[in-house]
Amino acid sequence: MYIVGRILEIKRLTCRIKAFTVEVCERVNTTPGQFMMVWIPQVGEIPLSIAYKEDRLLEFIVAKVGRVTGHMHDNLSKGDRLAIRGPYGRGFTLRNVEKCLMIAGGYGLAPLLYLSHELKRRGTEIDVALGFRTREDVFYTNRFDHVADHVWVFTEDGSYGIKGMVTEVMKKHVKLKDYDIVYTCGPELMMFEVVKHCLEQGVKVEASLERVMKCGIGICGSCILDPLGLRVCKDGPVFDGEVLMKINDFGRYWRCLDGRKVPIKSRFNS
Amino acid sequence: MYIVGRILEIKRLTCRIKAFTVEVCERVNTTPGQFMMVWIPQVGEIPLSIAYKEDRLLEFIVAKVGRVTGHMHDNLSKGDRLAIRGPYGRGFTLRNVEKCLMIAGGYGLAPLLYLSHELKRRGTEIDVALGFRTREDVFYTNRFDHVADHVWVFTEDGSYGIKGMVTEVMKKHVKLKDYDIVYTCGPELMMFEVVKHCLEQGVKVEASLERVMKCGIGICGSCILDPLGLRVCKDGPVFDGEVLMKINDFGRYWRCLDGRKVPIKSRFNS
Amino acid sequence: MVGSSSLSIELSGLSLRNPLILASGILGTTFSIMKRIEAEGVGAITTKSITREPRDGYPNPVVVELEYGLVNAIGLSNPGIEYFVHEIKLAKRLLKIPLIVSVAGGEIEDIVYVSRRAADAGADAIELNLSCPHVRGMGMELGTDPIMVKEVVESVRKRVSKPLFVKLSPNVTSIVEIGEAAADGGADVLVAINTVKAMVIDVYLKKPILSNRYGGLSGPAIHPIAVRCVYELYENLGDEVEIVGVGGVETWRDAIELILAGASAVGIGTAIVRRGLKVFREIIQGMAHYLEEEGFSSIDEVVGLAHRR
Amino acid sequence: MVGSSSLSIELSGLSLRNPLILASGILGTTFSIMKRIEAEGVGAITTKSITREPRDGYPNPVVVELEYGLVNAIGLSNPGIEYFVHEIKLAKRLLKIPLIVSVAGGEIEDIVYVSRRAADAGADAIELNLSCPHVRGMGMELGTDPIMVKEVVESVRKRVSKPLFVKLSPNVTSIVEIGEAAADGGADVLVAINTVKAMVIDVYLKKPILSNRYGGLSGPAIHPIAVRCVYELYENLGDEVEIVGVGGVETWRDAIELILAGASAVGIGTAIVRRGLKVFREIIQGMAHYLEEEGFSSIDEVVGLAHRR
Ligand SMILES: Cc1cc2nc3c(=O)[nH]c(=O)nc-3n(C[C@H](O)[C@H](O)[C@H](O)COP(=O)(O)OP(=O)(O)OC[C@H]3O[C@@H](n4cnc5c(N)ncnc54)[C@H](O)[C@@H]3O)c2cc1C
Ligand SMILES: Cc1cc2nc3c(=O)[nH]c(=O)nc-3n(C[C@H](O)[C@H](O)[C@H](O)COP(=O)(O)OP(=O)(O)OC[C@H]3O[C@@H](n4cnc5c(N)ncnc54)[C@H](O)[C@@H]3O)c2cc1C
Ligand SMILES: Cc1cc2nc3c(=O)[nH]c(=O)nc-3n(C[C@H](O)[C@H](O)[C@H](O)COP(=O)(O)O)c2cc1C
Ligand SMILES: Cc1cc2nc3c(=O)[nH]c(=O)nc-3n(C[C@H](O)[C@H](O)[C@H](O)COP(=O)(O)O)c2cc1C
Ligand code: FES
Ligand code: FES
């Protein structure tokens with residue numbers, strides 16, 4: 001069933017991204033990498049990663065991309081109610097991680113923000129690389145300050161931080177072998193590059209995927225990855241890199257609402 | 001839901017009474033005075049008091065009075081299956097009883113047998129009076145030997161034990177005030193006499209009632225006692241004497257299957 | 001009690017202190033248990049369904065308990081109207097809340113007869129339970145044929161001036177069609193839903209458990225079905241009749257859900273098994289709290305709100 | 001595995017290693033998940049219902065989780081037969097167990113077309129899901145009118161020689177009447193039941209949760225309704241057709257109950273949410289154990305036993 005939440009605060013982070021802090025009526029047990037299905041009555045319901053959690057407060061970072069996210073940006077305000085169900089899915093590995101690297105693209109930083117705070121509590125050493133298109137897209141880098149040992153910020157045009165793609169961090173800025181694990185979330189082509197490189201270097205890597213989600217609980221079949229038949233909502237959204245490399249769809253195909261596959265480039269851009 | 005049981009043993013106790021030992025597939029939590037609904041497929045379902053319990057063994061004492069009990073007597077044999085649900089109802093008071101008297105008529109000894117063993121475990125001192133019509137009706141007096149300090153057996157015609165009604169035990173054979181509580185089960189007119197006398201003497205008394213039972217779980221309304229609206233299946237079958245004295249129906253009216261009341265004498269004889 | 005005044009309603013002219021009604025067939029057999037249930041806080045009481053002649057009902061087993069509900073086939077056991085008239089009179093003398101007498105039968109003339117006797121004895125309203133096999137209908141339930149439903153309701157309407165409730169079965173292709181027929185016949189209130197036709201088989205004894213084999217499912221399992229039926233009825237007939245929502249109500253949330261769907265009042269049955277008689281008080285308190293929290297001054301304001309665009 | 005051989009059945013000529021079938025609409029969308037479910041031990045797979053044209057389905061929310069089941073209104077989202085033909089071919093290449101393709105549509109010619117395409121692509125059987133609003137039926141479900149049901153089934157029967165399954169809705173006054181029409185039309189197997197029409201309203205947000213407002217109840221809540229429907233169908237049509245029982249099966253007991261009622265095989269849907277994919281293996285083991293314990297040499301012997309006097 002749904003848990004009812006009330007919006008405590010909405011922060012405009014960039015012109016496309018807002019953060020919603022929601023107070024829910026009961027405590028929920030969550031782990032970083034899990035998502036919630038968020039329902040705006042008479043508008044729709046979408047999956048959102050938990051970007052931060054404290055007691056009965058949940059934070060969501062929402063990029064304006066379409067109908068529901070558009071409504072959230074344009075019409076929701078403090079005090080409004082929404083209903084959420086979840087948490088759903090399998091999150092990131094938390095155990096036996098002494099040192100990790102996080103590579104995020106755009107709002108992909110959402111689950112990694114929550115993850116970084118959780119790992120910090122466990123004493124993990126954390127390095128973070130955040131990538132954005134340009135200066136105006138940069139947000140929340142400071143939220144990693146207290147938990148990460150290093151924070152690299154990349155912009156494609158160099159208008160802020162380091163110029164270049166965030167994936168370059170693996171190749172130029174760190175010694176990948178120093179990390180027990182690399183976590184990544186962002187545009188799928190970016191994640192594809194990260195996963196491929198990490199595995200080539202023999203470093204464990206986990207990525208959080210997105211697909212169209214209807215049920216969110218593993219029965220409708222709209223989020224299936226071929227050819228392993230994995231469900232992003234239930235078996236993911238976080239997958240191990242080794243598994244992802246066996247998935248033809250990864251980095252290549254997305255499924256539309258009707259279930260047909262389309263090449264990922266045509267729809268996916270950060 | 002039903003618990004399935006298998007008949008381990010059938011003992012013929014008198015020409016009208018048999019004891020069924022049933023092994024059930026799961027342990028049930030019961031307390032003396034509670035009853036079970038016992039279903040014989042394609043025959044019917046009747047309420048029966050728990051006469052004894054040990055681990056997954058339940059004993060029922062069944063008087064042959066009609067269709068279902070007749071079938072149980074005539075057609076059931078060792079190994080047959082039946083299904084039971086329950087336990088239901090409120091049982092006898094077990095706490096703070098140092099010394100008690102039990103007064104049973106006929107198969108009314110069933111719940112008192114289980115009660116006596118339970119109270120013995122708790123260190124209660126127990127006296128028992130068992131009443132029967134005649135020598136041929138006497139059964140199970142020995143089952144009380146190891147738990148009771150005194151066992152008086154009455155027959156109406158004196159063909160066995162003491163001649164007279166079992167109710168005489170209260171007046172002639174014991175000092176009623178010595179007991180913390182009197183428990184009674186048997187024909188309702190007998191119980192009526194016991195309850196009335198005990199209350200007159202200022203001694204706490206509990207009696208176990210019978211009524212037509214359909215649901216057994218307090219919703220069908222077939223076992224209601226006027227004018228308090230008590231349900232024998234749920235608020236009873238064991239009632240406190242003080243309560244019973246406020247019930248006009250007690251000792252006077254029984255309800256038929258259709259819910260109409262009929263005077264108790266016309267149908268009830270031990 | 002917190003905000004209890006705002007829970008009171010008018011239902012087809014009857015004043016109820018709150019919208020909870022004891023559903024038919026659950027304990028409404030004697031004046032004494034009705035009195036006891038009144039003391040638990042209920043707003044009105046429906047009696048067990050009464051027929052012209054006394055009925056023993058089906059032999060045991062007549063009920064199966066499941067994890068999320070009950071399946072029952074009591075078989076309309078009742079003492080017949082002749083005897084029950086006294087029960088009604090006693091109840092009316094003792095109760096302060098409205099008494100709705102449920103009437104059942106397989107023939108129109110019997111239904112009319114029982115309704116009149118019940119009304120004359122003092123019933124505040126008559127509820128027609130049309131889920132009996134109809135004699136002329138060759139075993140078909142009276143309540144599944146819109147033409148028969150209209151005829152029965154009309155016949156009773158002509159002879160009884162008290163508020164007329166009609167209880168609807170969910171075991172039909174279109175509950176709205178049946179509800180319409182009842183409304184056309186002159187029903188003031190539609191009561192939805194009766195139990196859903198079901199069966200339980202014991203896997204070891206390999207037989208249907210109920211002596212009647214078939215029974216009716218009630219309790220939480222049918223709640224979303226009841227919500228749907230009430231919503232449909234309100235959408236189509238909300239202007240013509242009032243609705244009593246029944247089915248699987250165990251908590252104040254369940255009750256409010258039915259009211260949002262369009263019910264003016266809410267029946268409670270099976271919850272008594274699972275929560276005890278205190279369930280009435282619990283739901284009343286929960287509803288009062290909800291009204292305050294959500295800023296409603298009266299429960300009336302909640303009726304049918306889920307239909308608002 | 002213990003006694004697994006005795007679980008195998010023939011269903012309308014198809015050989016199943018055990019009587020468990022993945023129900024339509026639950027995960028049967030791609031060859032890859034079908035392969036994975038085959039590995040979990042299932043006896044046969046039904047695909048999601050496929051229409052002529054691709055369908056997005058209803059917008060989210062499309063499912064509500066309840067304590068004792070689900071209410072869903074996915075809205076027949078599917079890629080359309082043109083695309084799905086490839087999925088069928090891939091599945092047939094990879095699967096060793098029978099593949100039943102579920103077909104839906106609002107017009108007879110569409111249903112016939114999709115059925116033929118599916119059969120040609122290699123489907124081992126066709127299952128007609130007649131719970132779409134019928135275009136000519138003015139919004140009425142195709143599966144609620146016996147005349148239309150017979151016509152549709154007949155039309156498909158004429159053009160498809162593969163085993164023909166017809167999935168029945170419980171939202172009708174008489175499921176036997178609809179089952180009869182399907183049998184008359186030439187159905188080999190009746191599949192009962194589809195979901196029960198239901199609704200869930202959020203008491204705080206005060207709206208029906210599903211975007212389609214109405215949805216279908218599945219899971220444990222409907223199990224006793226499914227048992228009743230299968231029992232009724234077997235009693236009336238057991239000589240003419242085979243039956244697949246579907247509805248709320250979560251344990252081997254639930255499955256056996258449907259088989260005792262008359263089902264030759266058993267569909268599993270919602271249980272996957274609550275128990276995971278391992279539910280197939282659990283039920284298979286439980287059924288094998290039951291057969292041994294109860295002294296049956298084959299599951300066939302259990303079919304319809306609850307009808308024996
Ligand atoms: C597990 C998971 C976690 C997510 N976490 C976040 C998050 O933390 N912040 C955030 O802003 N977004 C997140 N998303 C993506 C977010 O769910 C979509 O952006 C949203 O559903 C789009 O809804 P819309 O109605 O605004 O867009 P629409 O009008 O429906 O479509 C606009 C675009 O979004 C795409 N889209 C539609 N549905 C989804 C979907 N379910 N997932 C991804 N893309 C979709 C469409 O293909 C289209 O390109 C997450 C998605 C998943 C699956
Ligand atoms: C709480 C409770 C505990 C009981 N414990 C025992 C017990 O331990 N041993 C035992 O032998 N009997 C016990 N009984 C009585 C037993 O249930 C009935 O004798 C039985 O139901 C009669 O069934 P029948 O089909 O054989 O009789 P029927 O053919 O139905 O009727 C025969 C006679 O039994 C009476 N009767 C019918 N139903 C009941 C009923 N539910 N309760 C009492 N009398 C009934 C009828 O009025 C009639 O006089 C108990 C009854 C109750 C309510
Ligand atoms: C044991 C039992 C007996 C019932 N008897 C009747 C009856 O006599 N007349 C009637 O109209 N409904 C009867 N019903 C149906 C209830 O009034 C109610 O419509 C149904 O149980 C759904 O509500 P619930 O889930 O709250 O029980 C009975 C239900 C039960 C469980
Ligand atoms: C999410 C979901 C989607 C469904 N989609 C379909 C479908 O496309 N076609 C169909 O015939 N039945 C569909 N059904 C109904 C199931 O096949 C099944 O009949 C019903 O859910 C009852 O079984 P269960 O309780 O085991 O789930 C769907 C059910 C669910 C829960
Ligand atoms: S969203 Fe339904 S299976 Fe993943
Ligand atoms: S037997 Fe049904 S209320 Fe007691």
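Below, chains carry the letters A, B, ... as their sequence lines are ordered, and counting in each starts from 1.
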Contact listing (chain C partner; residues 191-199 of chain B; heavy atom under 4.5 Å): none

Identify which part of B:Leu230 has an atom lying under 4.5 Å from any heavy atom of chain C, answering side chain, backbone, both or neither. both

Between B:Trp39 and C:Pro61, which heavy-atom pair has the shortest distance, and what is it? CD1-CG, 3.3 Å

Which of the residues C:Ile33, C:Thr29, C:Asp56, C:Ile272 is involved in the greatest number of heavy-atom pairs with chain B at under 4.5 angstrom? C:Asp56

Distance check, rounded to the nearest 0.5 Å: C:Ile209 atom CD1 versus B:Tyr2 atom OH? 5.5 Å

Partners meeting ring pair (Phe, Tyr, Trp, His ring centres under 6.0 Å) with B:Tyr52 (sequence neighbours left out): B:His117

With a 4.5 angstrom heavy-atom cut-off, could you sort out which part of C:Val200 is near chain B: side chain, backbone, both or neither? side chain

Side chain from CB out, backbone as N, CA, C, O: work out which of these in C:Val273 comes under 4.5 Å of a heavy atom of chain B, or both, or neither. both

Indicate the atoms forming the closest heavy-atom contact of B:Lys261 with C:Tyr83, along with that distance. N-OH, 3.1 Å

If contact means a heavy atom pair closer than 4.5 Å, which residues of residues 23-37 of chain B contact chain C? B:Met37

How close do C:Arg36 and B:Asp235 get, counting heavy atoms only, and between which atoms? NH1-OD2, 2.6 Å

Inspect the surroundings of NZ in B:Lys11 and state if more than 12 heavy atoms from other residues, nucleotides or ligands are less than 6.0 Å away. yes

The interface call for C:Phe31 against chain B, heavy-atom contacts under 4.5 Å, is side chain

Portion of B:Asp80 that has a non-hydrogen atom of chain C nearer than 4.5 angstrom: neither

Are C:Leu27 and B:Arg231 side-chain neighbours, meaning at least one heavy-atom pair lies under 4.5 Å? yes

Do C:Val62 and B:Lys214 make a side-chain contact, defined as non-hydrogen atoms from C-beta onward lying under 4.5 Å apart? yes

For B:Arg260 versus C:Pro79, what's the shortest heavy-atom pair and its separation? CG-CB, 3.4 Å

Counting heavy-atom pairs under 4.5 Å with chain B, which one of C:Pro54, C:Gly28, C:Gly25, C:Pro208 comes out on top? C:Pro54

Can you confirm whether more than 12 heavy atoms, excluding those of B:Gln42, are under 6.0 Å from its CD atom? yes

If you compare all heavy atoms of B:Ala83 against all heavy atoms of C:Leu205, which two are closest, and at what distance to 0.1 Å? CB-CD1, 3.3 Å

Would you say C:Ser32 and B:Ile224 make side-chain contact, with heavy atoms under 4.5 Å? yes

Is the shortest heavy-atom distance from the side chain of C:Thr30 to the side chain of B:Asp226 under 4.5 Å? yes

I need the contact set between residues 58-79 of chain B and chain C: heavy-atom distance under 4.5 Å, sorted by residue number. B:Arg67

Any side-chain heavy atom of C:Leu70 sitting closer than 4.5 Å to one from B:Ile219? yes

Between atom OG of B:Ser222 and atom CD1 of C:Ile74, what is the distance when rounded to the nearest 0.5 Å? 7.0 Å

Looking at every heavy atom in both C:Arg55 and B:Asp258, which two are closest together, and how far apart are they? O-CB, 3.2 Å

Would you say C:Val63 and B:Ile217 make side-chain contact, with heavy atoms under 4.5 Å? yes

Applying a strict 4.5 Å limit to non-hydrogen atoms, the region of C:Lys35 in contact with chain B is side chain

Evaluate whether atom CD of B:Glu200 has more than 12 neighbouring non-hydrogen atoms of other residues, nucleotides or ligands under 6.0 angstrom away. yes

What part of B:Pro41 gets within 4.5 angstrom of chain C, counting heavy atoms only: side chain, backbone, both, or neither? side chain

Rounded to the nearest 0.5 angstrom, the CD-CZ distance for C:Glu65 and B:Arg85 is 6.5 Å

Quick one: pull up OG in C:Ser211 and CD in B:Glu45 and give me the separation to the nearest 0.5 Å. 9.5 Å

If you draw a 6.0 Å radius around NZ in B:Lys18, do more than 12 non-hydrogen atoms from other residues or ligands fall strictly inside? yes

C:Asn78 CG to B:Leu257 CG distance, which is reported to the nearest 0.5 Å: 12.5 Å

Before giving the answer on side chain to side chain contact (heavy atoms under 4.5 Å, CB included), spell out for B:Val4 and C:Asp202 the whole-Å C-alpha distance, their side-chain angles and the decisive distance to 0.1 Å. CA-CA 9 Å; B:Val4 170; C:Asp202 189 279; 3.9 Å; yes

